[in-house]
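This is the structure I want to talk about, given as structure tokens.
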Amino acid sequence: MPLVASELGFAFPRSGPVISALSAEFRPSGISAIVGPNGAGKTTLLRLLLGLLSPDAGSVRLGDRDVRSIPHADRARSLAFAAQRPSLAFGYTAVATVAFGIRSADRRERRRRAMAALADVALESRAEVRMDRLSAGQQQRVSLARALAQLESAHQPRYLLADEPTATLDPGSTLALSSLLRGRSRAGLGVVLVLHDLQVAARLADTVLLLACDGTVAASGPPASVLTPEHLAETYGTQFDLIEHDGCMLPVPRPEPAAGTGGAGISRAGDRAHVHSSS
């Protein structure tokens, strides 16, 4: 059952449009990345998809139902949000924070499921630590665990929507998170991620939605067709090169040429790294 945005428009009071005529479709069993420059409306789009904001134009539908018409408890069984910065009071422990997202009358069952979710993000050893004593990256992993636990016993469709889930993670944690999300998506979970790291988007996503500064869709489709030097230069206002690594084309901003040089492009050593220029 797809999650579909149709001709969305949204503006905050006393400001210009944030989202304009935006249409996109997200499906289970896949990972979608939403990318674009600061102010393009990425997080606002997530909140519209979750039904936390009401669009000024267009609609968001989960199957044949407008998400805003689905009762909150029912919506929470299909749509879960992992925030970049958890907003729960920091006096709670990690395991208690995860348990808040679990619907069960049995306290022991809630704890069991919360501990399993923390194990998924390699934080079971920090279960009894208060949130304000965890690092930013650990807090982010707790937020993800809470969202995954919320969807664990839900029927299809199930969608995890996450805002910058890798922003505060070290490289090892980012790889572990990528593996976890790939496994869950293969099991039928729809994953929608707002990302600033274009290389993570290129490696992880099945589809990419590139937003322009005016909140419209600049490009959408597989990463190789969206994360091109031409699309990225037009959207971000800077030149990009593509570096091939392990069969994946990774976008890299082109550095400004040093004063007095001929403006040489990026070079990379190694027989598995090749630069593809936009010029």
Side-chain angles (χ1 to χ4, degrees), residues 1-28 30-63 65-70 72 75-76 78-87 140 143-144 147 151 157-167 181 185 189-198 200-202 204-223 225-227 231-232 234-236:
M1 188 180 296
L3 179 64
V4 180
S6 300
E7 292 295 315
L8 280 184
F10 181 83
F12 288 106
R14 297 181 296 279
S15 67
V18 179
I19 297 291
S20 301
L22 187 152
S23 295
E25 182 173 316
F26 308 94
R27 290 188 168 274
I31 299 177
S32 299
I34 302 171
V35 302
N38 292 334
K42 300 181 296 296
T43 298
T44 298
L45 175 57
L46 275 193
R47 295 176 68 82
L48 288 164
L49 293 173
L50 289 159
L52 300 177
L53 294 175
S54 181
D56 299 323
S59 65
V60 176
R61 306 188 73 81
L62 183 60
R65 302 181 69 184
D66 189 299
V67 294
R68 296 279 294 178
S69 72
I70 302 174
H72 180 76
R75 195 189 315 163
S78 293
L79 302 173
F81 178 50
Q84 182 178 350
R85 296 178 180 85
S87 58
Q140 199 164 29
S143 180
L144 179 67
L151 297 171
R158 298 178 303 149
Y159 287 89
L160 168 70
L161 292 87
D163 192 5
E164 286 291 325
T166 64
L181 294 179
S185 70
L189 181 68
V191 179
V192 183
L193 310 174
V194 164
L195 295 172
H196 273 298
D197 191 325
L198 299 178
V200 172
L204 180 59
D206 300 303
T207 61
V208 175
L209 182 69
L210 174 61
L211 300 188
C213 290
D214 61 358
T216 60
V217 176
S220 63
S225 69
V226 174
L227 301 178
H231 285 318
L232 297 176
E234 182 177 356
T235 304
Y236 286 89

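Keep in mind the model is a prediction, meaning the values are calculated, not measured.
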Point-to-point distance, once rounded to the nearest 0.5 Å, from NZ of K42 to CZ of R47: 15.0 Å
Of the non-hydrogen atoms in L209 and S220, which two are nearest, and what is the gap between them?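 Distance-wise, the nearest heavy atoms are CD1-CB, 3.8 Å.
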Side chains of D56 and I19 in contact at under 4.5 Å (non-hydrogen atoms):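 With C-beta onward as the side chain, the pair stays apart.
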Would you call V60 and L50 a side-chain contact if the rule is heavy atoms closer than 4.5 Å? no
Taking S15 for its side chain and F12 for its backbone only, find out whether a donor-acceptor pair lies under 3.5 Å.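 Yes; at least one donor-acceptor contact below 3.5 Å.
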For the pair D206 (side chain) and I31 (backbone), establish whether a donor and an acceptor sit closer than 3.5 Å, ignoring hydrogens and angles.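 Present.
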When you measure from the side chain of R27 to the backbone N and O of P2, does any donor-acceptor pair fall under 3.5 Å?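 Absent.
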Compare all side-chain heavy atoms of R158 with those of S78 and state whether any distance is below 4.5 angstrom.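 A side-chain contact is absent here, since even the closest heavy-atom pair is not under 4.5 Å.
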What do you reckon, is CD of E234 surrounded by more than 12 foreign heavy atoms closer than 6.0 Å?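 Counting other residues, nucleotides and ligands, CD of E234 stays at 12 neighbours or fewer.
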Could you go through the side-chain hydrogen bond (donor to acceptor under 3.5 Å, both in side chains) check for S20 and T216 one step at a time? CA-CA 5 Å; S20 301; T216 60; over 6 Å; no
For V226 and G221, which heavy atoms make the closest approach, and how far apart are they? CG2-N, 3.3 Å
If we ignore angles and hydrogens, is there a donor and acceptor under 3.5 Å between the side chains of S6 and S59?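 Not at all, the side chains of S6 and S59 share no donor-acceptor pair under 3.5 Å.
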Examine distances only and state if a side-chain atom of Y159 and a backbone atom of F26 form a donor-acceptor pair shorter than 3.5 Å. yes
Quick check: closest heavy atoms across D66 and R68, and the distance to 0.1 Å? OD1-N, 2.8 Å
Measure the spacing between CG of L204 and OG1 of T166 and express it to the nearest 0.5 Å.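 L204 atom CG to T166 atom OG1 measures 8.5 Å (nearest 0.5 Å).
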Using modelled atom types and a 3.5 Å cut-off, is there a donor and acceptor pairing between side-chain atoms of D163 and backbone atoms of T43?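 No, the answer is negative, given that no donor and acceptor are paired below the 3.5 Å cut-off.
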Would you say Q140's side chain and E164's backbone share a donor-acceptor pair under 3.5 angstrom? yes
Ignoring hydrogens, what is the shortest heavy-atom contact between A201 and A33? Give both atom names and the distance.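 Smallest interatomic distance, heavy atoms only, reads CB-CB, 4.0 Å.
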Looking only at non-hydrogen atoms, find the nearest pair between P37 and T235 and report the distance. CD-CG2, 3.5 Å
